[in-house]
Amino acid sequence: MKIAILPGDGIGTEIVAQAVNVLNALGQKFEMETAPVGGAGYEAHGHPLPDGTLKLAKEADAILFGAVGDWKYDTLERSLRPEQAILGLRKHLTLFANFRPAILYPELVGASTLKPEAVSGLDILIIRELNGDIYFGQPRGMREAPDGPFKGAREGFDTMRYSEPEIRRIAHVAFKAAQKRGKRLTSVDKANVLETFQFWKDIVTDVHKEYPDIELDHMYVDNAAMQLVRAPKKFDVIVTGNMFGDILSDAAAMLTGSIGMLPSASLDANSKGLYEPSHGSAPDIAGKGVANPLATILSAAMMLRFSLNLPAEADRIEKAVKHVLAQGLRTPDIYESGTTKVGTAEMGSAVVKALA
Ligand code: IPM
Ligand code: MG
C-alpha cells in the first residue's frame, strides 16, 4: 500500500511527521513517499502543485496531506498561490465527497466556547461537496461591469453552479453515510434566494426517494449556522455545497473546543482519498513545536478505515488518542488548568506509546 505524504507549509510538516510516526508504529508495511505541495511546491518547482507531486498523488492508494498557505504568498497571482494545490488535487483526482466529522471528546468539554450542556456528547458529520459550486464555476474574474447601476466600473465576479449529476452523487454519499449513523440527514441550501440551491434542494429531494429509511430535512444556510451554535446536537449528518460547507465546517469545528482536533477525508467514487486536518497551516505558530497533531493523526486513522481497509488499525489510533486525552495531555489550543501542557512532538510520542 502506497501513501503519498504531502506535508505542505507552516505547521504542516510538524503535524504530518507525528502522523507518520504513528503509522510506522502500527507494525504494517506501508510504502510512503513524500513530495512538496503548496508554498513548498512553489519554492521547489515554481508551482504549488508540481507535476511530480500530482503524479505521486495519482498513483498512491491514499494521500496524507498537512496544510498549505502562508501570508508571504498572498501577492502571487492566484494560480500560483498555495491554496491552488489543495483545490487542484480535489479537482484532478475527483475528490468530491468531503467528510468532516465534529466529535466532542468528553475530556475536552471545557475547551469548547459553548456551554457543556449544548455540546457534550456531540457527534455530527458534515458532508461537503468539493468539486463544484462557486469555487470552480466559470466564468470568473475581474472586469469592467457590463451593465447595472455601476456599468463601466471595475468589478469582481464568480459563478455559482451545480449540475444534476454532481448533486446526485454527493446526495447518494450523504444518504448512505446517514444509513450508517442516526439515519437523519439535513440538506443545507439557500433555496429562498439562489437558483443553484433551489435546484440542489429539488435533486436531493428526488434522491431521497431511494432512501425511505432516512429522515430528510432542508435548512437554509443562515439558519443552519445559527442552529449549529444553538443546538448542534440536533444534527446527525449535514450535506451541503462547497462554499456553505467550507463555512459551516469551521463553525462546527469550534463546537469541539479546537479545530486542532478535527480530521477530514476527501473521497472519490472508489474511496480513494486525501486525508487532512480540517485546520490550516497556522504560519503564526509554525516551527514553534506547539501545534496540535491530533487532527492529522485522526486523519491517518480515517485513511486506514476508508481507503486502506484497515479498520482495526484505525480503531487502535482512535483509542490511543482517547487515551492520551484521558491522561490529561494537552497542546496549548486545548489546554485548561489542571491538565498537562505538551508540545507537538510530545503529543505524537504519547499517541505512539499508547498504541502499544
Ligand atoms: C478548507 C480550506 C480550503 C477551502 C482553502 C485552503 C482553499 O478552507 O479545506 O476548508 O476553502 O476549501
Ligand atoms: Mg475552510
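Read the numbers this way: they start at 1 and go in the same order the structure lists the ligands and their atoms.
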Peer 1: Is the closest basic N to carboxylate O distance between Glu215 and Lys183 below 4.0 Å?
Peer 2: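 Salt bridge: no.
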
Peer 1: Ala145 and Glu155: which non-hydrogen atoms are nearest, and at how many Å?
Peer 2: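 Of all heavy-atom pairs spanning Ala145 and Glu155, the closest is CB-OE1, 3.4 Å.
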
Peer 1: Any salt bridge linking Glu276 with Arg90? Criterion: basic side-chain nitrogen under 4.0 Å from a carboxylate oxygen.
Peer 2: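 Arg90 and Glu276: salt-bridged.
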
Peer 1: Please list all pairs passing the ring pair (Phe, Tyr, Trp, His ring centres under 6.0 Å) test where one or both residues lie in residues 258-305, with sequence neighbours left out.
Peer 2: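 Ring pair (Phe, Tyr, Trp, His ring centres under 6.0 Å) check on residues 258-305 returns no pairs.
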
Peer 1: Which residues, ordered by chain and number, are linked to Ile259 in its hydrophobic cluster, where ILVMFWY side chains connect at heavy-atom gaps below 4.5 Å, directly or through other members?
Peer 2: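 In the cluster with Ile259 there is nothing else; it is isolated.
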
Peer 1: Could you label the plane-to-plane angle of the Tyr73 and Tyr42 rings as parallel, tilted or perpendicular, counting under 30° as parallel and over 60° as perpendicular?
Peer 2: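 The rings of Tyr73 and Tyr42 stand perpendicular, inter-plane angle above 60°.
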
Peer 1: Specify whether Trp200 and Tyr162 have parallel, tilted or perpendicular ring planes, treating 30° as the upper limit for parallel and 60° as the lower limit for perpendicular.
Peer 2: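 Ring orientation, 0 to 90° scale: tilted.
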
Peer 1: Start with the C-alpha gap between Leu26 and Leu355, add the side-chain angles, then the distance that decides, and say whether side chain to side chain contact (heavy atoms under 4.5 Å, CB included) holds.
Peer 2: CA-CA 8 Å; Leu26 289 171; Leu355 281 174; 4.1 Å; yes

Peer 1: Pairs of nitrogen or oxygen atoms, one from ligand 1 and one from the protein, closer than 3.5 Å: please tabulate them with distances.
Peer 2:
unit_1   : atom_1 : unit_2 : atom_2 : d
ligand 1 : 8 (O)  : Asp246 : OD1    : 3.2
ligand 1 : 9 (O)  : Arg90  : NH2    : 2.7
ligand 1 : 9 (O)  : Arg100 : NH2    : 2.8
ligand 1 : 10 (O) : Arg100 : NH1    : 3.1
ligand 1 : 10 (O) : Arg100 : NH2    : 3.1
ligand 1 : 10 (O) : Arg128 : NH1    : 3.2
ligand 1 : 10 (O) : Asp246 : OD1    : 2.9
ligand 1 : 11 (O) : Tyr135 : OH     : 2.5
ligand 1 : 12 (O) : Arg90  : NH1    : 2.8
ligand 1 : 12 (O) : Arg128 : NH1    : 3.3
ligand 1 : 12 (O) : Arg128 : NH2    : 2.7

Peer 1: Is Arg305 salt-bridged to Asp315, going by a charged N under 4.0 Å from an acidic O?
Peer 2: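 Looking at Asp315 together with Arg305, the answer is yes, because their closest N to O distance falls below 4.0 Å.
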
Peer 1: Using 2.8 Å as the cut-off, count the protein N, O or S atoms closer than that to the Mg ion (ligand 2).
Peer 2: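 If we list every protein N, O or S atom nearer than 2.8 Å to the Mg ion (ligand 2), we get 1.
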
